[in-house]
Amino acid sequence: MVQTLADVLVPLPLDTLFSYRVPDGMTLVPGQPVRVPFGPREAIGVVWDLREGAGANLKTLAGPIDAPILPERLRALLDFVAHWTLAPRGAVLPMALKLADGSRAETPRVGVRATGALPKRMTPARERVLAIAADGAARAKRELALAAGVSAGVVDGLVDEGALETLALLAPQSPAPDPDHAPAALSADQRVAADALAAAVRETASGVPVPILLEGVTGSGKTEAYFEAIAQALRMGGQSLVLMPEIALTAGFLDRFAERFGVRPAAWHSGVGGKRRERLYADIASGAAKVVVGARSALFLPYADLKLVVVDEEHDAGYKQEDGVHYHARDMAVIRGRLEPAAVVLASATPSLETRVNAERGRYAHIRLPERFGGRTLPDIATIDMRASGPPQGRWIAPPLAAAIEAATARGEQALLFLNRRGFAPLTLCRACGHRYECPNCTAWLVEHRFRRALVCHHCGHVERTPDHCPSCGGVDTIVPCGPGVERIAQEVATLFPEKRTITLSSDFPGGAERLRTELDAIASGACDIVIGTQLVAKGHNFPLLSVVGVVDADLGLTSGDPRAAERTFQLLQQVTGRAGRGDRPGRAYLQTFQPAHPVIAALVSGDAERFYAEETAQREAARLPPFGRLAALVVTGADKDATHAHARTLVRAAHAMGVLDADLSVLGPAEAPIAMIRGRHRVRILVRAARTRDLQGFLRDWLAAGPKPTGGIRVQVDVDPQSFL
DNA sequence: AGCACGCCGACT
DNA sequence: GTCGGCGTGCTC
């Protein structure tokens, strides 16, 4: 017998669709979330395909779930992401299914509204209630009673007599952003950019607009420019999505948005939970939520009519998802734009090399906003050669830098000391026997956190109390810290400038994001003289009084095995040094370095970013690294440390022998590959240049099927950077 | 991912 | 003699 069959994708790490018989009389459409019998239990899934066929030995689908249908365009995106990241489709599906906990049925709030009828007997209390309800709007029962100064019983009585009617109260719908609320006065350059972005949004009506790189330094008005693209999308009745790398740092953005559009946009991130998440999900699917600001996960929601995706700070590494399904939200945003179609705007002051190259090759349009209004005074950047003018042994702030800090603070200005390293000292050892404090889980050193009186592994999070005697030789008080962390710099600052007000900011900052924000506000208003911080202070907040920036160790990060190390360091230091001097006040930045001739350092000093990028691009091309070659990360996880490392080594050797890895292969091989402890499992991450991704996928499948599995639970994941394929 | 089935150690 | 460890395998 021929009947309707549904091929259903279940949100489990499986690649196969499961076929079910559709009961007679049940109409389903592709994208419909459904319940299906699955082994001994019931699972939820999404109809991927419907077809006619004989379903004699198939189970019968239980029925649809009352949840938004995943649009065809979104299903296409999910298929693409799965294919791209070599992840099973079922592993990608949950990213689009944020059904909160579907088990907990939503209890609709009961609202009441005037019917126009009058009660048989009028009382003063009833009059007050009806006076308020006279506008015909629906209100929550409690709210109405409260407003009228009566008990809920009066309202109930009016309902019984037909003067009020009950209805399921919809959530108080916040008004839609108004594109004409308060249009900003744009400079001529901003106007040109805004018009081009709006034109791209308009173009979605007839085709696929080219993605746009919007480049402009902080304060050049990128945000105002892309606000006009959002306004255009609003005028067309469509939705916009603004992706941000760290949603925690976006409160300022939400306010600016509200100034321009009258209301705050909807924010989607992991912190939004429960009912609010459910409602927002539904509003996104219905098209009621017009503008969504979100972290990378917001990209996979079932937008009804998405016209614009803005990826703010597109160079930010936070767009890379390194957990579960490995994807880069910036690249997937470009794909989503192509599928919707929607305009895609990649905004940054320091675009990534990949995006630069894509713009140069004409795959992206490139709009530059010239430097800030009123002439931005770029900070004057100088190096301090630590070999010649370094501080005495055991100190980290060179005399010229100390002098600059002294002078700035004496003028009532602020100084920032930047060191991208948490804790007191990166390496701790025993003076008597040389014992190194190492993490019991990883091959990483323990970092002393003097403030917390603890040794912390920055790799896996292992924490232990700082011991008072050496566990190896038993020596008492023999601990020697080696090298600086921000806490140690803070100590040195306290001795150098005892009368100055200082603060140390890192992700260890006690009190969480809330307190950090208030602290940053206080700093901006001058509550402190010297700020010591990690990369946390590199972005986000403006410090108008800051005139001197000192980079304690500009060489840090240049030597890591990451092929993007130079680019990352350049961008980070450009951001940090750029914080010196606001408006017309010139700032000064000092780079403490042992290698002043290093291309990254030289480029920062000369300010010739273009040349740096050109050289970096040429080098990457020669080395066939992204965006010119394919980089993959093999992630091997297992229960046992040594076995996992050994496994990673054989894996890379085998892949090399099979020719699925490129020539001299392993960029960061298993010998140096860091091992980390993640959720109770050891994890080795190896960067490799992949030959053909397809082959790598096939190889891994075969290898896992046939290869030895010495310890249980070893898994291999592949993370392909897709920029080079676009 | 769950949740079965399936063989080897310490307990009422 | 059982309860229970997690290794392996399946889910239309």
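Residue numbers start from 1 in every chain, and the chains themselves are labelled A, B, ... in the order their sequence lines are given, proteins ahead of strands.
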>> Tell me the interatomic distance from Glu42(A), atom CD, to dC3(B), atom P, rounded to whole angstroms.
In response: 13 Å
Enumerate all atom pairs, one protein N or O and one N or O from nucleotides 9-12 of chain C, separated by less than 3.5 Å.
from    : atom 1 : to       : atom 2 : distance (Å)
dT11(C) : O3'    : Gly39(A) : N      : 2.9
dC12(C) : OP1    : Pro37(A) : O      : 3.1
dC12(C) : OP1    : Gly39(A) : N      : 3.3
dC12(C) : OP2    : Lys59(A) : NZ     : 2.6
dC12(C) : O3'    : Ser19(A) : O      : 3.0
dC12(C) : O3'    : Lys59(A) : N      : 2.8
dC12(C) : O2     : Ser19(A) : N      : 2.7

Donor-acceptor pairs under 3.5 angstrom involving side-chain atoms of residues 294-301 of chain A: please list them, not counting sequence neighbours.
from      : atom 1 : to        : atom 2 : distance (Å)
Arg296(A) : NE     : Gln321(A) : OE1    : 3.0
Arg296(A) : NH1    : Gly318(A) : O      : 2.7
Arg296(A) : NH1    : Lys320(A) : O      : 3.0
Arg296(A) : NH2    : Gln321(A) : OE1    : 3.3

Show me the donor-acceptor pairs, under 3.5 Å and distance only, between side chains in residues 54-71 of chain A and residues at least two apart or in other chains.
from     : atom 1 : to       : atom 2 : distance (Å)
Lys59(A) : NZ     : Gly39(A) : O      : 3.4
Thr60(A) : OG1    : Arg21(A) : NH2    : 3.4

>> Does anything in residues 36-45 of chain A form a salt bridge (Lys or Arg N to Asp or Glu O under 4.0 Å)? List the pairs, not counting sequence neighbours.
In response: Arg35(A)-Glu42(A)
> So which pairs with a foot in residues 300-313 of chain A pass salt bridge (Lys or Arg N to Asp or Glu O under 4.0 Å), sequence neighbours left out?
Replying inline: Asp305(A)-Lys307(A)
> With Arg336(A), which residues qualify under side-chain hydrogen bond (donor to acceptor under 3.5 Å, both in side chains), at least two apart?
Replying inline: Glu340(A)
